Amino acid sequence: MTDALMDTPRRDRPRKKSRKGLIAILIALVLFIGAIVFIAWSLFGRLGDIETIDNAFPEESLRPAAVEPPEGEDAPLNILLLGSDTRADTSTSLLSDLGSRADTIMVAHIPSDRDSVQIMSIMRDSWVEIPGHGNAKVNAAMAYGGVPLMVQTVEGLIDQRIDHVAVADFNGFKNITDALGGVTVNNPRAFTASSPVNIPFEAGEITLTGDEALAFVRERKSFSDGDYSRVANQQLFLQSMAGQVLSRETMTNPGKLSDLIGATTPYVALDNELGLTKMIQLGSSMSSTRASDISSFTLPTNGTGREGGGQSVVYVDWDELENVRTRFAEDDLVGYEPAAY
């Protein structure tokens, strides 16, 4: 799936400061990237429901420098989003055994003009350098060194600083979908999901229940290209879900909004710097952003192969990644879409 030019002036679009606009963008931002709901005005009494990731970042000496924006401008933000396989027991910490369950890796880039969001998916089998451990699949960083090492690994890939981290359990997909009354997607290909039970998905417009949504975003064995199609389905589902969250039907329904909060807060963990004040500031600055302003692409790849004793891996297109790094550095990702491998 799926660049603002450096010299393009900030658009003087009216910034709606109403609760409805703030709530909408907070929900859309995080639902899209990891099944998280930020409804700031409701979180005063519910912050305790959201788990905190302590020590989420590597040592400062190991990190890219923070971006210093021109006076009066906002700095672009990069948020690392990690989706985990479903926990058997949701009473345990979301971060327990996360190294063996990290399944989805995304970087959400929020430009300095705050008019859009670009989501870059990183395929979990991408063959990259894990600092201190040599080459391995990118998701091995979680097993080797938890969230801090995953942050350091991704920062090395994009050559830019990760500002915040969010983790979401895939159960959040199921619960949010049910709270919305189903999510409609335009499925590009018919397939049958094999886990947890066989569920057929027809090509074309289909409406998913919670259980179906969980199967839809997790399936890969049905596809000849495996994770490539799974990542595409995750992006498709999240885009569709964000659109429904931002719909008038949802935004004007307090009961549905409350259901969304309750459906997701047990399945979310955030770094300790991403608190209520930061969320309100971000939501206020992005209150004009809508689902159509959110785009996604996958970190450029160069096909698959075998490494490390025969394990199947995805090779990174390092030449095209240099282009991606430049675009991150220049805050120029709007409209970017790498060529297919």
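Worth knowing before you read on, the calculation uses all heavy atoms, side chains too, and leaves out hydrogens, waters and symmetry mates. Owing to the predicted nature of the structure, the values given are computational and were not obtained by experimental measurement.
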Is D178 reaching over with its side chain to a backbone N or O of G210, donor-acceptor style, under 3.5 angstrom? yes
With side-chain hydrogen bond (donor to acceptor under 3.5 Å, both in side chains) as the criterion, how do Y228 and T301 come out once you've worked through the C-alpha distance, each side chain's angles and the decisive distance to 0.1 Å? CA-CA 10 Å; Y228 282 93; T301 63; 2.8 Å; yes
Would you name the heavy atoms of S312 and R306 that are closest together and state the gap between them? N-NH1, 3.4 Å
Between S295 and S116, is there a side-chain heavy-atom distance shorter than 4.5 Å? no
Can you find a pair of side-chain heavy atoms, one from V138 and one from W127, that are under 4.5 Å apart? no
Spatial distance of atom CG (D169) from atom CG (L82) [nearest 0.5 Å]: 12.5 Å
Any side-chain heavy-atom pair from R124 and T104 closer than 4.5 angstrom? no
Minimum-distance pair of heavy atoms, taken over all atoms of G156 and R325: O-NH2, 3.3 Å
If I take atom CD1 from residue I122 and atom CG from residue L81, how far apart are they, to the nearest 0.5 angstrom? 10.0 Å
Under 3.5 Å, is there a donor-acceptor pair linking the side chains of Q234 and S121? no
Determine whether the side chains of S93 and E51 contain a donor N or O and an acceptor N or O closer than 3.5 Å. yes
Crowding at CG, N186 (>12 non-hydrogen neighbours, <6.0 Å): yes
Value for OG (S240) from CG (L180), rounded to nearest 0.5 Å, stands at 11.5 Å
Who passes ring-ring contact (aromatic ring centres under 6.0 Å, His included) against F237, sequence neighbours left out? F173
Compare all side-chain heavy atoms of V165 with those of I79 and state whether any distance is below 4.5 angstrom. no
Do R189 and E202 meet the salt-bridge criterion of a basic N to acidic O distance under 4.0 Å? no
Closest approach of N55 and P148, non-hydrogen atoms and distance? O-CG, 3.0 Å
Does a donor on one side chain and an acceptor on the other come within less than 3.5 Å for T192 and S222? no
Minimum heavy-atom distance L208-F201, with the two atoms named: CD2-CE2, 3.6 Å
Please identify each residue that fulfils ring-ring contact (aromatic ring centres under 6.0 Å, His included) with H109, with sequence neighbours left out. F328
Could you give me the CA-CA distance, side-chain angles and deciding distance for T52 and N272, then say whether side-chain hydrogen bond (donor to acceptor under 3.5 Å, both in side chains) is met? CA-CA 6 Å; T52 298; N272 56 16; over 6 Å; no
Could you check if a side-chain atom of N78 sits within less than 4.5 angstrom of a side-chain atom of R161, using non-hydrogen atoms only? no
Pairwise side-chain contact, D74 with R114, heavy-atom cut-off 4.5 Å (strictly under): yes
Hey, is the main chain of Y315 close enough, under 3.5 Å, to the side chain of N302 for a donor-acceptor pair? no
Test of understanding: clusters of I, L, V, M, F, W, Y form through side-chain heavy atoms closer than 4.5 Å, transitively. Do I130 and L321 belong to the same one? yes
S194 pairs by side chain to side chain donor-acceptor pair (under 3.5 Å) with which of E219, K221, R220? E219
All pairs passing side-chain hydrogen bond (donor to acceptor under 3.5 Å, both in side chains) where residues 135-156 contributes a residue, at least two apart: R63-E155
